[in-house]
Amino acid sequence: MASAVAAVLSGTLLAPATASDAAPGCDTYTHANAPDLGMAACGDPIGQGQTFRAAVTCGRAPDVKGAWATVGRGGHEVSRGRCARFGSGVGANGVDERPV
């Protein structure tokens, strides 16, 4: 029983971050005047470089991904994803990352 509980706990503790979790140095937004537009804005203050894209969950429409963007040392970039107009707008924003 204890080993089963430990396996469940270790799986939970080591699970990768989901798309709804903002990456370090990133903020996510829904545009104030366009409720179907989700954005991820990322900066690179420590100079490691980062490639990312917005991961937008849309209500009543298929989810979308923004274009990949790469931010370099001291830079700042934004990736945008637009939900279909027939949907109910952005439900959640997140960030997908790739190592540089």
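Pairs of residues two or more places apart, or lying in two chains, never qualify as salt bridge (charged side-chain N to carboxylate O under 4.0 Å, His left out) while including a residue from residues 69-81. Within the structure, salt bridge (charged side-chain N to carboxylate O under 4.0 Å, His left out) pairs that include any residue of residues 37-48 do not occur (at least two apart or interchain). Residue pairs meeting the disulfide bond (SG atoms under 2.5 Å apart) criterion with at least one member in residues 62-100, sequence neighbours excluded, are Cys58-Cys83.
Residues forming a side-chain hydrogen bond (donor to acceptor under 3.5 Å, both in side chains) with Thr57 (at least two apart in sequence, or on another chain): none. With sequence neighbours left out, the salt bridge (Lys or Arg N to Asp or Glu O under 4.0 Å) criterion links Arg82 to Asp36. For Thr51, the side-chain hydrogen bond (donor to acceptor under 3.5 Å, both in side chains) partners two or more places apart in sequence, or in a different chain, are Thr70.
Contact between Trp68 and Glu97 at its shortest, heavy atoms only, is CZ3-C, 4.2 Å. Across every non-hydrogen atom of Cys26 and Gln50, the tightest pair is SG-NE2, 3.5 Å.
Taking Ile, Leu, Val, Met, Phe, Trp and Tyr as members and joining any whose side-chain heavy atoms lie under 4.5 Å apart, directly or through other members, Phe86 forms no hydrophobic cluster with any other residue. Clustering of Ile, Leu, Val, Met, Phe, Trp and Tyr by side-chain heavy atoms under 4.5 Å joins Val64 with Val56, Val90. Apart from Met39 itself, the hydrophobic cluster it occupies contains Tyr29, Leu37, Val78, where clustering links Ile, Leu, Val, Met, Phe, Trp and Tyr at side-chain heavy-atom distances under 4.5 Å.
In this structure, the side chains of Asp96 and Lys65 come closer than 4.5 Å at one or more pairs of heavy atoms.
One N or O on the side chain of Ser79 and one on the backbone of Ala54 form a donor-acceptor pair closer than 3.5 Å. Although no hydrogens or angles enter the test, the distance criterion places a donor-acceptor pair under 3.5 Å between the side chain of Ser88 and the main chain of Gly59.
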